[in-house]
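I have placed the structure first, in the form of structure tokens, so that the comments after it can refer back to it.
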Number of protein chains: 2
Amino acid sequence: MSLKVGIIGAGPSGLAMLRAFESEEKKGNKIPEIKCFEKQDNWGGMWNYTWRTGVGKYGEPLHGSMYKYLWSNGPKECLEFADYTFSEHFGQTISSYPPREVLFDYIEGRIKQSNARKYIQFNTVARWVDYVEEKKQFRVVFDDLKKNETFEEFFDYLIVGTGHFSTPNMPYFKGIENYTGNVMHAHDFRGADPFIDKDILLIGSSYSAEDIAVQCYKHGTKSVTISYRTNPIDCKWPKGIEELPLVTHFDDKKAFFKDGTSKEFDAVIMCTGYQHKFPFLPDNLRLKTKNCLYPEGMYKGVVSDSNNQLLFLGMQDQYYTFNMFDAQAWFARDYILGRIELPSKEDIQKDIKNWINYENKCNSPEEHVDFQTAYLKDLINLTDYPMFDLNKVADMFKSWIKDKEENILTYRDKTYTSVMDQTKAEKHHTPWMKELDDSLERYLEEDPVDEKELEKTNYY
Amino acid sequence: MSLKVGIIGAGPSGLAMLRAFESEEKKGNKIPEIKCFEKQDNWGGMWNYTWRTGVGKYGEPLHGSMYKYLWSNGPKECLEFADYTFSEHFGQTISSYPPREVLFDYIEGRIKQSNARKYIQFNTVARWVDYVEEKKQFRVVFDDLKKNETFEEFFDYLIVGTGHFSTPNMPYFKGIENYTGNVMHAHDFRGADPFIDKDILLIGSSYSAEDIAVQCYKHGTKSVTISYRTNPIDCKWPKGIEELPLVTHFDDKKAFFKDGTSKEFDAVIMCTGYQHKFPFLPDNLRLKTKNCLYPEGMYKGVVSDSNNQLLFLGMQDQYYTFNMFDAQAWFARDYILGRIELPSKEDIQKDIKNWINYENKCNSPEEHVDFQTAYLKDLINLTDYPMFDLNKVADMFKSWIKDKEENILTYRDKTYTSVMDQTKAEKHHTPWMKELDDSLERYLEEDPVDEKELEKTNYY
């Protein structure tokens with residue numbers, strides 16, 4: 001085996017890829033030469049929290065979009081690795097909605113079982129990729145940010161796991177250049193603290209807006225206004241959170257809305273989504289897509305149809321996350337190892353088209369869950385990644401959707417049961433709305449919260 | 001003439017380069033084929049204000065570091081173009097310290113006299129440069145951000161005018177990740193408005209700290225604390241601005257200082273400078289330097305000694321600005337046209353070393369002014385760029401240094417006389433501390449300020 005495989009990114013996708021090869025090696029089989037490159041100084045991708053905003057220490061656009069007090073917004077039982085359970089990692093039962101640090105610890109726990117770290121070069125960004133026809137290889141130029149040195153590597157297969165929640169989509173609103181409060185994108189939101197006792201405006205109506213609204217409410221923001229383009233999120237919001245139609249313009253500290261109302265805000269946070277961005281790829285190799293469950297241009301959502309030696313992981317909109325990246329990585333591995341053959345170009349396009357047609361027919365969140373469940377079934381059936389009860393996971397997702405509709409402030413207190421090892425999650429020692437500390441240490445503690453701490457929050 | 005010249009950046013440096021070639025063409029001489037590429041959607045570089053922070057519309061690191069209410073912090077008579085005066089542009093006499101919009105208008109005014117815009121492709125970023133030995137040319141890959149398309153161009157000479165005040169240098173301080181106020185770099189500061197009635201901390205003691213302190217004071221910040229590493233700025237600060245030694249750490253909303261004091265702050269603005277950053281160049285072609293008056297590695301501060309077909313403009317620390325870029329651009333033009341020959345490698349290194357030794361001997365700001373004056377004299381003597389009375393400009397710089405020492409709040413009310421056309425600047429219609437409107441419209445107005453406006457400011 002003289003294949004060389006390059007992996008860009010050591011987040012959940014890149015690490016899944018390393019794990020996939022590693023599990024193959026453990027079976028005693030030969031694996032290709034692997035190198036993984038990560039822009040940040042540690043693995044974990046989005047889950048590797050940073051206090052920085054804008055650009056990083058070396059001037060590269062920041063990858064991270066997570067914030068203090070971020071807790072999983074879906075049950076952990078829906079993202080559990082099939083080959084490494086939460087129970088195995090923590091040795092105790094925990095709740096269904098852990099905070100960021102706990103999930104980071106879980107991701108890291110699996111990969112630390114191996115020597116995967118030796119494959120990864122940190123603080124190193126992919127600058128430019130050329131496909132060299134004569135060699136049938138990619139030339140990739142990397143930039144070692146710490147050393148301020150560039151170097152090139154050649155790969156037979158290039159796997160891009162750089163995520164798609166890092167490049168803000170930040171629309172212009174009339175007058176925003178003269179708005180006198182703080183303006184930022186959700187990407188640069190680092191926690192509710194600076195907004196305590198403030199009136200804030202969130203523009204957008206997807207996960208970012210929903211979660212930042214609730215986090216700010218929980219930590220003492222005076223009022224949260226959410227401005228939607230087409231439809232409101234339409235939760236049963238507590239007093240202190242309201243929804244208004246789209247902003248028409250800004251003037252001084254005031255925002256004006258389509259319904260004729262206006263209000264002064266201390267800050268505007270644009271929860272207006274993210275762009276798929278691949279600055280290091282020539283445009284004919286770039287994935288050009290909006291956020292959706294089945295982006296065009298990839299066979300099985302993985303193999304680029306512009307170049308079969310180029311693979312993408314995790315470029316889909318996500319209900320499933322970690323275990324979906326696993327399913328894709330196992331598929332990518334077996335494809336690279338020659339165990340999975342590509343069908344004809346026509347059949348590839350037919351397969352892609354079928355999935356896209358299926359997605360287009362889905363209208364409700366529940367149907368989207370079913371779509372991605374079907375996608376995972378299809379993928380997992382092609383490899384030896386441990387199959388799990390995907391129908392049960394789909395049911396959990398649907399139940400989660402209902403939980404949120406019922407009460408956006410308490411859905412994280414619900415518990416689910418692992419389909420991997422049947423562990424029933426524990427009710428957390430403290431109701432989520434009362435838990436102001438999101439540290440791993442506090443999370444794994446057994447004691448109930450201090451009464452004095454309770455008084456600080458405006459529990460609804 | 002079949003030479004192809006590529007210019008990266010259409011800020012003051014790139015525009016000076018276009019102007020240099022254009023002035024040659026006007027004389028009836030042939031010029032090379034020129035293409036200029038600009039990341040932003042308009043020319044002007046740093047002077048092209050944006051409300052955005054972090055990354056731009058297309059996810060590229062933002063170029064701009066300017067803010068609302070930014071006024072020139074040096075006399076305009078020190079930066080005046082030798083071939084296009086302020087009087088010629090505005091048709092009226094103006095003060096010595098115009099606001100950003102007025103200087104942008106002036107830069108634009110000169111370049112608009114020609115058809116230079118046709119050479120510039122906007123929204124286009126240089127991705128990667130390879131020097132192709134067989135062709136003796138640079139292959140440059142560009143990315144058309146709007147179209148999401150990449151393309152390559154070949155150039156005999158590549159001129160880099162991308163500036164060096166765009167990539168923040170942002171050090172870590174212990175506990176900053178848990179600080180509960182706003183943290184930003186001066187690069188992302190967009191004006192004093194969000195800091196009215198707030199206590200803010202500026203870390204750093206150079207131009208950014210000095211100017212942001214004064215701007216925030218002027219517009220109603222409750223208190224400004226400046227934290228310095230080695231020496232305080234040591235102006236006669238008004239009540240409301242104080243200097244403290246370096247921050248040791250943060251805790252919650254509090255910063256702790258080396259002298260044992262501590263204070264709560266609503267925001268921290270790191271005025272900790274910028275990095276020279278050239279992500280699109282292989283590291284052997286990169287300029288690797290700290291901020292100084294004579295960076296190593298360039299003959300006459302322009303021609304790269306790693307590759308004589310690679311030129312840099314404006315990479316020096318600056319007293320002189322626009323007219324220095326001009327002097328460099330005229331030199332670059334004549335070098336490309338073959339009128340100026342490079343000395344031997346040894347003589348180049350000797351020349352560079354002489355300048356660096358000279359800089360190392362300079363200790364005071366006045367000596368640094370003399371240094372850059374000597375550099376400009378040397379450069380301008382080599383081309384037909386109109387020589388001007390550089391000794392008088394040096395005197396103005398020295399007088400400006402004194403003005404600031406005497407009163408940091410009123411130095412912008414002083415007036416100077418143009419060495420280009422002897423126009424004596426007018427006293428502005430409103431003292432700077434009372435002028436809260438920095439628009440071009442207001443600046444060129446003749447009326448004194450409204451009394452009500454006056455009451456809003458805490459004039460010292």
Side-chain angles (χ1 to χ4, degrees), chain A residues 49-62 68 125 127-130 141 143-144 147-152 166-172 176-185 187-188 190-194 196 252-253 266-267 274-275 277 279-286 288, chain B residues 49-62 68 125 127-130 141 143-144 147-152 166-172 176-185 187-188 190-194 196 252-253 266-267 274-275 277 279-286 288:
Chain A
Y49 175 77
T50 175
W51 58 277
R52 293 174 187 271
T53 55
V55 296
K57 189 173 174 187
Y58 304 104
E60 300 296 314
L62 270 183
K68 275 189 259 187
V125 66
R127 275 284 168 239
W128 188 249
V129 172
D130 282 308
V141 179
D143 202 339
D144 183 323
K147 292 187 186 158
N148 193 10
E149 279 175 18
T150 55
F151 61 95
E152 56 181 38
S166 290
T167 305
N169 180 49
M170 184 105 161
Y172 170 75
I176 188 94
E177 66 276 26
N178 297 316
Y179 171 71
T180 52
N182 276 314
V183 186
M184 63 172 72
H185 188 275
H187 175 57
D188 285 336
R190 287 290 173 273
D193 295 316
I196 291 174
D252 205 60
K253 246 188 137 168
D266 298 299
Y274 294 90
Q275 308 173 41
K277 168 119 181 160
F280 52 86
L281 290 178
D283 79 273
N284 62 328
L285 297 181
R286 284 180 186 170
K288 296 180 181 178
Chain B
Y49 176 77
T50 176
W51 59 276
R52 292 174 188 271
T53 55
V55 297
K57 191 175 173 184
Y58 304 105
E60 300 297 314
L62 270 182
K68 277 192 258 186
V125 68
R127 278 281 170 240
W128 187 247
V129 172
D130 282 307
V141 179
D143 200 339
D144 183 325
K147 291 187 186 157
N148 194 7
E149 277 173 21
T150 55
F151 60 95
E152 57 180 36
S166 291
T167 305
N169 180 49
M170 185 107 161
Y172 170 74
I176 188 92
E177 68 276 26
N178 296 317
Y179 172 70
T180 51
N182 275 314
V183 186
M184 63 173 72
H185 189 274
H187 175 57
D188 285 336
R190 287 290 173 272
D193 295 317
I196 292 174
D252 205 58
K253 245 186 140 172
D266 298 299
Y274 294 92
Q275 309 174 43
K277 169 119 181 161
F280 51 87
L281 290 178
D283 80 272
N284 61 329
L285 298 181
R286 285 179 185 171
K288 296 182 182 178

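Note: hydrogens, waters and symmetry copies are ignored here, and every other heavy atom, side chains too, is used. All chains are named by letter (A, B, ...) in the order of the sequence lines, taking the proteins before the strands, and each is independently numbered beginning at 1.
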Subject >> side chain to side chain contact (heavy atoms under 4.5 Å, CB included) evaluation trace for A/Met170 with B/Val55 >> reply: CA-CA 9 Å; A/Met170 184 105 161; B/Val55 297; over 6 Å; no
Original post:
Step by step, would you call A/Trp51 with A/Lys68 a side chain to side chain contact (heavy atoms under 4.5 Å, CB included)?
Top reply: CA-CA 9 Å; A/Trp51 58 277; A/Lys68 275 189 259 187; over 6 Å; no
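No part of A/Glu152 comes within reach of chain B, as not one of its non-hydrogen atoms sits under 4.5 angstrom from that chain. Only the side chain of B/Val141 comes within contact range of chain A, judged by heavy atoms closer than 4.5 Å. Contacts between A/Thr167 and chain B at a heavy-atom distance below 4.5 Å involve the side chain alone, from C-beta outward. Both the backbone and the side chain of B/Asn148 come within contact range of chain A, each with at least one heavy atom under 4.5 Å from a heavy atom of that chain. For B/Glu177, the parts lying near chain A are the backbone and the side chain together; criterion is any non-hydrogen pair under 4.5 Å. Using a 4.5 Å cut-off between heavy atoms, B/Leu62 does not touch chain A at all. For a residue to count as touching a neighbouring chain, one of its non-hydrogen atoms must lie under 4.5 Å from one of that chain's; by this rule A/Asn169 does not touch chain B.
Side chain of A/Lys253 to main chain of A/Gly181: no donor-acceptor pair is present (N/O by atom type, distance under 3.5 Å, no hydrogens or angles). Side-chain N or O atoms of A/Asp283 include one that pairs as donor or acceptor with a backbone N or O of B/Thr150 at under 3.5 Å. A donor-acceptor pair under 3.5 Å is formed between the side chain of B/Arg190 and the backbone N or O of B/Thr50. In terms of modelled atom types and a separation under 3.5 Å, the side chain of A/Glu149 and the main chain of A/Asp143 share no donor-acceptor contact.
If you tally non-hydrogen atom pairs under 4.5 Å between each of A/Thr180, A/Val125, A/Thr53 and chain B, the highest count goes to A/Thr180. Counting heavy-atom pairs under 4.5 Å between each of B/Gln275, B/His185, B/His187 and chain A puts B/Gln275 at the top. Between chain A and the options B/Phe280, B/Tyr58, B/Tyr274, B/Phe151, the largest number of non-hydrogen pairs under 4.5 Å is found for B/Tyr58. For chain A, the option among B/Met184, B/Lys57, B/Arg52 with the highest count of heavy-atom pairs below 4.5 Å is B/Arg52. Among the candidates A/Ala192, A/Pro282, A/Pro279, A/Gly54, the residue making the largest number of heavy-atom pairs closer than 4.5 Å to chain B is A/Pro279. Put simply, of A/Val183, A/Asn284, A/Ile176, A/Leu281, the one with the most heavy-atom pairs under 4.5 Å next to chain B is A/Ile176.
Environment of NZ in A/Lys288: crowded, with over 12 heavy atoms of neighbouring residues, nucleotides or ligands closer than 6.0 Å.
Across all non-hydrogen atoms, the minimal contact from A/Tyr179 to A/Asp266 is OH-C, 3.3 Å. The shortest non-hydrogen separation linking A/Pro194 to A/Gly191 is CD-O, 3.3 Å.
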